[in-house]
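The structure appears right after this line, and notes come after that.
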Amino acid sequence: MDFWEVVHSFKIPYGLANALYLPYVIDFNKKANSKRYADIARTLCLNGNTDDQLVDSLTDLLRRLNKTLNLPLTLQEVGVNQADFEKQMDQMAAGAVEDPCTRSNPRELSLEQMKQIYIAAFKGEKINF
């Protein structure tokens, strides 16, 4: 089950899913290339003295923007049932890791890390691994 199938399975509009997942993906990828995201934050004149602080400012801005637009910040807020989420977790993570698009991700990720990203997006937890 890849990203498209997850979106379809939980009946989440594609653009909404992208907006919801973006802060989590940036948090995960910052270990591979924080300068890239810090440069975006600098371009947007966000606060921060270090690359990590700037990346946090960027993800905070994205979350505030989603909230301002009345977009959900978690899969729970979208209405994804926890039992259904847990039932499909392994298949979702495996599909995402095997998806050809994942190969171009700035940071290599394992099946377990993909599960952790999905759990973070479900619960609204900050990614720090």
Side-chain angles (χ1 to χ4, degrees):
M1 177 180 291
D2 64 13
F3 179 75
W4 292 95
E5 292 169 315
V6 171
V7 168
H8 178 73
S9 175
F10 291 126
K11 297 180 176 56
I12 302 171
Y14 180 76
L16 172 62
N18 281 309
L20 187 150
Y21 281 116
L22 186 57
Y24 301 101
V25 171
I26 290 173
D27 279 341
F28 176 78
N29 284 329
K30 73 181 178 183
K31 285 193 177 184
N33 195 352
S34 64
K35 184 180 179 333
R36 176 182 187 185
Y37 299 111
D39 287 345
I40 294 169
R42 282 185 196 94
T43 300
L44 295 171
C45 299
L46 299 178
N47 293 327
N49 296 318
T50 67
D51 283 356
D52 281 345
Q53 290 172 346
L54 285 161
V55 175
D56 287 342
S57 289
L58 177 61
T59 56
D60 289 344
L61 172 68
L62 292 169
R63 286 182 176 92
R64 286 193 316 271
L65 178 60
N66 285 352
K67 195 171 189 172
T68 299
L69 295 171
N70 293 318
L71 297 177
L73 303 177
T74 69
L75 292 171
Q76 284 181 314
E77 290 178 26
V78 173
V80 175
N81 176 283
Q82 185 168 354
D84 292 339
F85 174 78
E86 290 172 356
K87 180 180 174 185
Q88 295 185 38
M89 165 79 84
D90 290 339
Q91 187 180 4
M92 290 183 333
V97 169
E98 293 169 11
D99 188 295
C101 294
T102 303
R103 291 183 212 129
S104 65
N105 196 59
R107 181 177 172 195
E108 193 173 318
L109 81 150
S110 68
L111 179 63
E112 191 56 40
Q113 288 170 322
M114 190 67 242
K115 288 180 188 180
Q116 290 175 319
I117 292 169
Y118 277 130
I119 291 168
F122 182 79
K123 296 179 177 181
E125 297 172 343
K126 186 94 168 147
I127 291 177
N128 56 11
F129 56 89

Practice problem: Output the distance between atom CD (Glu125) and atom CD1 (Ile127), rounded to the nearest 0.5 Å. | Solution: 9.5 Å

Practice problem: Scan side-chain atoms only and decide if Gln82 and Glu86 contain a donor-acceptor pair under the 3.5 Å cut-off. | Solution: yes

Quiz item: Which word best sums up how the rings of Phe85 and Tyr118 line up, parallel for under 30°, tilted for 30 to 60°, or perpendicular for over 60°?
Solution: perpendicular

Quiz item: Do Asn105 side-chain atoms and Cys101 backbone N/O form a donor-acceptor pair below 3.5 Å?
Solution: no

Quiz prompt | Asp84/Lys87 salt bridge by N-O under 4.0 Å criterion | solution = no

Quiz item: Is the side chain of Ser57 donor-acceptor paired with the backbone N or O of Asn47 at a distance under 3.5 Å, no angle test?
Solution: yes

Exercise. Show your reasoning for whether side chain to side chain contact (heavy atoms under 4.5 Å, CB included) applies to Tyr24 and Ile119.
Key: CA-CA 10 Å; Tyr24 301 101; Ile119 291 168; over 6 Å; no

Exercise. For residues Ala32 and Pro106, report the shortest heavy-atom separation together with the two atoms involved.
Key: CB-O, 3.3 Å

Quiz item: Does the side chain of Asp51 reach to within under 4.5 Å of the side chain of Arg42, using non-hydrogen atoms?
Solution: yes

Practice problem: Could you tell me which non-hydrogen atom of Ser110 sits nearest to which non-hydrogen atom of Gln113, and how far apart they are? | Solution: N-OE1, 2.8 Å

Quiz item: So which of Asp56, Asp52, Thr59, Asn128 actually passes side chain to side chain donor-acceptor pair (under 3.5 Å) with Lys30?
Solution: Asp56

Quiz item: For Leu22, what are the other residues in its hydrophobic cluster, where any two members join if their side-chain heavy atoms are less than 4.5 angstrom apart?
Solution: Ile26, Tyr37, Ile40, Leu44, Leu46, Val55, Leu58, Leu61, Leu62

Quiz item: Taking the side chain as C-beta and beyond, is there a heavy-atom pair between Asn33 and Asn29 under 4.5 Å?
Solution: no

Quiz prompt | Polar side-chain atom of Arg107 near backbone of Phe28 as donor-acceptor pair, under 3.5 Å | solution = yes

Quiz item: CD/Glu98 to CG/Leu111 distance, rounded to the nearest 0.5 angstrom?
Solution: 8.5 Å

Quiz item: Side-chain contact, heavy-atom cut-off 4.5 Å: Phe10 with Gln88?
Solution: yes

Quiz item: Are Glu112 and Phe129 side-chain neighbours, meaning at least one heavy-atom pair lies under 4.5 Å?
Solution: no

Exercise. Return yes if some donor-acceptor pair links the side-chain N/O of Thr102 with the main-chain N/O of Ala96 below 3.5 Å, else return no.
Key: yes

Quiz item: Do the non-hydrogen side-chain atoms of Arg63 and Asn66 ever get within less than 4.5 Å of each other?
Solution: no

Which atom pairs, donor and acceptor, lie under 3.5 Å between side-chain atoms of residues 67-74 and protein residues at least two apart or in another chain?
from  : atom 1 : to    : atom 2 : distance (Å)
Thr68 : OG1    : Arg64 : O      : 2.9
Thr74 : OG1    : Gln76 : N      : 3.4
Thr74 : OG1    : Glu77 : N      : 3.0

Exercise. List, by chain and then residue number, the residues other than Leu54 in its hydrophobic cluster (Ile/Leu/Val/Met/Phe/Trp/Tyr, side-chain heavy atoms under 4.5 Å); write none if there are no others.
Key: none

